[in-house]
Amino acid sequence: MSQKVSLSRYLVEEQRSKGMIPAQLRLLLEVVARACKSISHAVNKGALGDIMGSADIENVQGEIQKKLDIIANEVLIEANEWGGHLAAMASEEMETIHLVPNRYPQGEYLLMFDPLDGSSNIDVNVSIGTIFSVLKKAEDSDSISEKDFLQPGLQQVAAGYCVYGPQTTLVLTVGDGVAMFTLDREQGSFVLTQENVKVPEDTKEFAINMSNMRHWDAPVKRYVDECLQGKDGVRGKDFNMRWIASMVADVHRILTRGGVFMYPWDKREPHKAGKLRLMYEANPMSWLIEQAGGAATNGRQRILELQPSQLHERVSVILGSKNEVERITRYHLEK
Ligand code: P6P
């Protein structure tokens with residue numbers, strides 16, 4: 001039987017062969033992976049632990065937090081504070097950035113995360129996940145502030161997610177392709193189960209919340225209508241549809257078998273660019289998709305090139321199989 005490659009061994013060998021994972025970044029990724037293991041353990045308890053349901057607290061997004069949202073956020077904060085690899089953290093669940101306490105040494109990395117994406121699915125036992133993105137602080141930056149985080153997605157040095165589903169799988173890129181690690185619960189470690197992940201350039205599967213159809217902009221409606229016309233329409237093939245309402249699960253399916261995911265701007269809240277957050281949802285997922293040969297735009301621009309103006313800003317997201325994303329983007333640019 002071929003020897004199992006642990007996450008730690010993968011990171012060491014990647015550094016040895018490609019020089020892309022310096023020791024502090026390796027420590028960061030191992031700490032985040034351990035935090036995800038703890039979150040997976042809490043999620044898997046379900047109703048057996050006092051962790052289901054709402055915490056009856058509203059977060060910065062105006063959403064009522066689930067108990068597990070708070071638990072996951074605290075696990076990530078506590079795991080990353082003491083290691084000396086971070087300067088600061090930012091989370092979907094916290095209005096402002098979280099500086100590493102003075103009692104610990106400061107590092108050069110900035111960590112952003114959505115601690116538990118898709119948490120509306122917790123109580124119905126549907127896959128959820130943790131999304132994370134890593135940036136480097138500017139060399140000359142001594143007092144860290146929110147503006148240190150406002151870097152385009154192209155500046156990321158690592159990004160990934162951990163999906164808590166039938167398997168707990170960590171998916172990671174440091175800019176040298178995408179690798180997947182499945183949690184071996186007997187050993188308690190993440191084991192490499194796929195590398196050089198590739199998203200097929202074409203697909204017959206789209207993901208969007210169809211209940212918002214009447215609110216979509218014309219290019220999105222045109223694209224979805226053509227998919228629904230199937231082989232008798234301009235696309236000449238039938239399409240399937242999936243919507244898990246958990247971005248991590250939908251993106252994992254696309255990285256595994258292709259597809260296109262859309263959460264576009266719509267007329268419900270026209271002043272908002274979209275529902276999903278740029279810094280800790282769209283940017284890490286877009287980099288993973290691009291590293292696997294896919295594409296990611298906001299309908300008009302490459303997501304990774306967008307210059308953020310605030311920590312929790314939202315963005316329209318169209319990502320997945322390259323040829324589908326290019327078609328949808330073309331429809332937007334023709335409008
Ligand atoms: P809707 C989960 O709340 C999330 O942020 C993403 O994970 C998911 O893709 C989307 O929102 C689901 O939104 O409007 O379909 O419930």
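This chain uses plain numbering: 1 for the first residue, then up along the sequence. Read the numbers this way: they start at 1 and go in the same order the structure lists the ligands and their atoms. Computed from heavy atoms alone, side chains included, the values below leave out hydrogens, waters and symmetry copies.
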### Task
Give the numbers and elements of all ligand 1 atoms closer than 4.0 Å to a heavy atom of Phe261.
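It comes down to these atoms of ligand 1: 9 (O).
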### Query
Quick one: which ligand 1 atoms are inside 4.0 Å of a heavy atom on Asn209?
1 (P), 14 (O), 15 (O)
### Task
Quick one: look at Leu276 and ligand 1, take heavy-atom pairs under 4.0 Å, and tell me if it's side chain, backbone, both or neither.
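For Leu276, only side-chain atoms sit under 4.0 Å from ligand 1.
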N or O pair under 3.5 Å between [X] and ligand 1:
X      : result
Trp243 : yes
Asn212 : no
Tyr263 : yes

## Note on the structure
re atom 3 (O) of ligand 1, the protein heavy-atom contact at minimum distance is Lys275 NZ, 3.8 Å
### Query
Nearest to atom 9 (O) of ligand 1, what protein heavy atom do you find, and at what distance?
Met247 N, 3.4 Å
#### Entry: Side chains of Glu324 and Tyr223, donor plus acceptor under 3.5 Å
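Yes, because at least one side-chain N or O of Glu324 sits under 3.5 Å from a partner of the opposite role on Tyr223.
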### Task
Would you kindly say whether Arg185 and Thr168 are connected by a side-chain donor-acceptor distance under 3.5 Å?
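Yes.
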### Message
Before you tell me yes or no, could you show the steps for Glu108 and Lys137 under salt bridge (charged side-chain N to carboxylate O under 4.0 Å, His left out), namely the whole-Å CA-CA distance, both residues' side-chain angles and the distance that decides it to 0.1 Å?
### Response
CA-CA 6 Å; Glu108 59 182 340; Lys137 73 180 178 74; over 6 Å; no
### Query
Can you check whether Tyr161 and Phe132 have ring centres sitting under 6.0 Å from each other?
no
### Query
Is Gly118 in contact with ligand 1, taking contact as a heavy-atom separation below 4.0 Å?
yes
### Query
Is the Phe239 ring parallel, tilted or perpendicular to the Phe206 ring (thresholds 30°, 60°)?
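The rings of Phe239 and Phe206 sit tilted, inter-plane angle from 30° to 60°.
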### Query
What is the ring orientation for Trp243 with Phe261, classed by angle as parallel under 30°, tilted 30 to 60°, or perpendicular over 60°?
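Ring orientation of Trp243 relative to Phe261: parallel.
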